[in-house]
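Data first, discussion second: the structure below is written as structure tokens.
What's counted below: heavy atoms across the whole structure, side chains too, no hydrogens, waters or symmetry copies.
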Amino acid sequence: MIKFGKSVVKFRIPILILSFLLLVPSIIGYVNTRINYDILSYLPEDIETMKGQDILLEEFGTGAFSVAVVEGMDQKDVAALKSEIEQIDHVKTVLWYDSLADISVPMELLPVDIEEAFENKEKNSTLMIVMLDTSMSADETLDAVEQIRGLTKQQCLLSGMSAVVADIKKICNSEAIMYVVIASVLSAIVLSLTMDSFLIPLFFLLSIGMAIVYNLGTNFIAGEISFITQALAAVLQLAVTMDYSIFLWHSYQENQERYIGDKKRAMAHAISNTVSSVVGSSITTVAGFLAMCFMTFTLGLDLGIVMAKGVVFGVIGCVTILPAMILVFDRAIEKTKHRAIIPDLGRIGNFVTKKYVIFATAFLVILGPALYGYTHNQVYYDLAGTLPDHLESVMGNTKLEEDFQMGATHIIIADSNLDAKQARAMLQELEEVKGIKLVLGMDSVLGPAFPEEMVPNAYKEVLDNGKYQMMFLASEYKTASEEVNAQCDEIKSIIKQYDASAMLIGEAPCTQDLITITDKDFKTVSAVSIVLIFIIIAVVLKSVSLPIILVSVIEFAIFINMGIPSYTGTVLPFIASIVIGTIQLGATVDYAILMTNKYKKARYQGAGKQEAVSYALNSSLQSVFVSALSFFAATFGVGLYSSIDMISSLCVLLARGAIISLLVVAFILPAMFMIFDKIICKTSAGFLNKDQKVTAKSVIS
């Protein structure tokens, strides 16, 4: 690796020039990468709800719909608004009272439940169903939502997933840049306090920032990324790759003492040392992210690939761009050197090793409650329910519940040739399902007082294309609630009796599938990440026992982190239980590996058990502390700032996880080394060297 280090030093100027030139195509790629704001679109394509969505779009030309609540307008004004909405691009049709009959026909002629569903006379509000010819989260759909909103001054409030997605897009566009700014500023402050130069943190951030741009730019190849990936990618890449830069800097300083006056040679050796150490530790981080690719819910694949790619770019930038910057700007860095403000923490090894029984006991005492909390967390799946109350989609959903007692809206797709008698029988059963407020289909409109001749052809075409027929069901229950999930099961049971090919689709059925699928994904991803990292540690450290100890210690930190919300009553986003453990394991097991290598080195050189563990802790704690604190700073600030609870919760959990992992590695891992030292030495290569006798004192010094 020394040849590689010398090459980087020799070609430092071309490397810098090339690295800045590569920013141009990367920025172009980033700008042209579509952002997907619809979480439900990451469900597997082969499940019934997603197949139904495709049929809806292909056969009926409708991919999305939104229920609009109109307030303070008489029927003529509502009719005029309906006409204006229908003129907007990609609005296929708008279902309202005059869709069922001419506005001159008294509404009283309609069935009572339909009349009540479309109008609340007491509150002077009316609802319309806006149907679009594009998919739920397509750019054209989101543009149409904004145009509809622009027609009135909050007299027309849109509810439904498309409206929610439009609001999420607005928030992300306004906050995304601030996530990076907050993470960078807080990381810079931490590094300035813990390192010996005010300028070096800026070069750390600049080199990592360039790697982030390369990573985000190459997402163009995939075509699109999720808004969660967009929001977290830069922050996470900054957080998990910062310690590589710290390692390079510390190695460079050590080699400067070794090669006094020859900074180029010192840097070449620093690069060589960094490649050897960082590549090994980064593999565990990459493995943690790649474990998410095993999720059936493909949001994991999206985030996993982007972050794994980000770690690779981070490592490359650390051993090429950063060394080139340090050498080119060496004089400026030297002028800004100062004493580290935070004191050296490398003196607690003796205390921890002498009191290891206390820390081992603490491990056993805390393990039970932590594991209980970890397995009893509450999670939510309703994205709209956690958004700020002032958003128009949230206001629309609230208004729909208050004025019309409607929560979720379902769609049934059934065979168009279903016998009329059977269709009416099915509709009657559906109307009797608990929580169903309205069933809107061809046969629900027709009645003894309302002959078929009075139903406009346009309405018939919307609900029946000759091959399939469509029905709308309005539920009183909210999406993702236990009540609506039970309701969906009952509806499926009813419609399958009359038509085996019938499908129930909509936000609530999709969310029900999401709950089932992600529950399985959580177990899969946890198992895969543990197995992958276990194998990597076993190969890197050449040990049978160490992978068990290291993974167990970090898993203990994960149990504590994910168990706390159970005791505080905090409800977590469903994605947190899947990705937090994987990321925390992959990103912070590096702390444990660093200390283990120091412990291994000391034991091999002849140090006794206590001396070796004490030396390992003293010599690695400062680096681990800076890395964990930088991770905490990068994620915690974003967690406090973001108004999207899913992003905020993920960042707060990651920040807390970094600190908990730091404490566990500092106090619990040394205790494990003390207890299992004999087993470790017997089941691991490179711990005992019988031919070399070195005193403990010489090793530690």
Can you see whether [X] engages [Y] through a side-chain donor-acceptor pair at a distance of less than 3.5 angstrom?
X      : Y      : result
Asn173 : Tyr37  : yes
Lys309 : Thr218 : yes
Ser475 : Gln487 : yes
Ser627 : Ser630 : no
Asp133 : Thr62  : no
Lys478 : Asn397 : no
Glu224 : Thr33  : no

Give the C-alpha distance, both sets of side-chain angles, the deciding distance and a yes or no for side-chain contact (heavy atoms from CB on, under 4.5 Å) between Met242 and Leu191.
CA-CA 10 Å; Met242 180 62 77; Leu191 292 171; 3.6 Å; yes
Assign the ring pair Tyr374 / Phe559 to parallel, tilted or perpendicular, where the plane angle (0 to 90°) is split at 30° and 60°.
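Correct class here is tilted.
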Using 30° and 60° as the class limits, which term best fits the ring planes of Tyr179 and Tyr641: parallel, tilted or perpendicular?
perpendicular
Whether the side chain of [X] engages the backbone of [Y] through a donor-acceptor N/O pair (distance < 3.5 Å, no angle test) should be reported.
X      : Y      : value
Ser529 : Val525 : yes
Thr298 : Leu301 : no
Gln378 : Val571 : no
Thr511 : Leu514 : no
Ser174 : Ile171 : yes
Thr570 : Ser566 : no
Ser282 : Val278 : yes
Ser159 : Val67  : yes
Ser26  : Gly217 : no
Asn36  : Ile225 : no

The single option from Asp243, Val240, Val665, Ile554 that satisfies side chain to side chain contact (heavy atoms under 4.5 Å, CB included) with Asp590 is Asp243
Would Tyr244 and Ile246 count as a side-chain contact (heavy atoms from CB on, under 4.5 Å) here? Give the steps.
CA-CA 5 Å; Tyr244 306 154; Ile246 295 169; over 6 Å; no
Heavy atoms only: give me the nearest [X]-[Y] pair and the separation to one decimal.
X      : Y      : value
Tyr372 : Tyr567 : CD2-OH, 3.6 Å
Cys651 : Leu232 : SG-CD2, 3.6 Å
Ile148 : Cys156 : CG2-SG, 4.4 Å
Val145 : Ala166 : CG1-CB, 3.9 Å
His410 : Cys488 : CE1-SG, 4.0 Å
Met646 : Tyr380 : N-OH, 3.6 Å

Let me see the working for Asp382 and Thr479 under side chain to side chain donor-acceptor pair (under 3.5 Å), right down to the final yes or no.
CA-CA 6 Å; Asp382 181 17; Thr479 295; 5.5 Å; no
Counting heavy atoms not belonging to Ile177, are there more than 12 under 6.0 Å from its CD1?
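Open.
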Going through the checks in order, is the side-chain contact (heavy atoms from CB on, under 4.5 Å) test met by Thr49 and Met503?
CA-CA 7 Å; Thr49 45; Met503 298 178 179; over 6 Å; no
Would you say the ring centers of Phe522 and Phe574 fall short of 6.0 Å from each other?
no
Determine whether the aromatic ring centres of Tyr30 and Phe220 lie less than 6.0 Å apart.
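No, ring centres 6.0 Å or more apart.
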Hey, is [X] close enough to [Y] for a salt bridge, meaning N to O under 4.0 Å?
X      : Y      : value
Glu71  : Lys399 : yes
Asp46  : Lys51  : no
Arg149 : Glu146 : yes

Would you mind writing out the side-chain donor-acceptor pairs for residues 579-587 within the sub-3.5 Å range, not counting sequence neighbours?
{"from": "Thr582", "atom 1": "OG1", "to": "Ile578", "atom 2": "O", "distance (Å)": "3.3"}
{"from": "Gln584", "atom 1": "OE1", "to": "Asn561", "atom 2": "ND2", "distance (Å)": "3.0"}
{"from": "Gln584", "atom 1": "NE2", "to": "Gly657", "atom 2": "O", "distance (Å)": "3.3"}
{"from": "Gln584", "atom 1": "NE2", "to": "Ser661", "atom 2": "OG", "distance (Å)": "3.1"}

Steps toward side-chain contact (heavy atoms from CB on, under 4.5 Å) verdict (Val664, Leu669):
CA-CA 6 Å; Val664 167; Leu669 184 59; 6.0 Å; no
Can you check side chain to side chain donor-acceptor pair (under 3.5 Å) on Ser643 and Glu175, steps first, answer last?
CA-CA 9 Å; Ser643 56; Glu175 292 186 353; 2.6 Å; yes
Can you tell if the side chain of [X] reaches within under 4.5 Å of the side chain of [Y], non-hydrogen atoms only?
X      : Y      : value
Met136 : Thr141 : no
Met131 : Val91  : no
Phe472 : Ile412 : no
Ile228 : Ile39  : yes
Met178 : Ser642 : no
Thr241 : Val315 : no
Phe313 : Gln237 : yes
Lys437 : Tyr477 : no

Mind running side chain to side chain donor-acceptor pair (under 3.5 Å) on Ser184 and Ser187 for me, showing each step along the way?
CA-CA 5 Å; Ser184 300; Ser187 293; over 6 Å; no
Give, for atom CE of Met471 and atom CD1 of Ile495, the distance between the pair rounded to the nearest 0.5 Å.
8.5 Å
How long is the straight-line distance from CG of Asp167 back to CD1 of Ile644, given to the nearest 0.5 Å?
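One gets 10.0 Å once the value is rounded to the nearest 0.5 Å.
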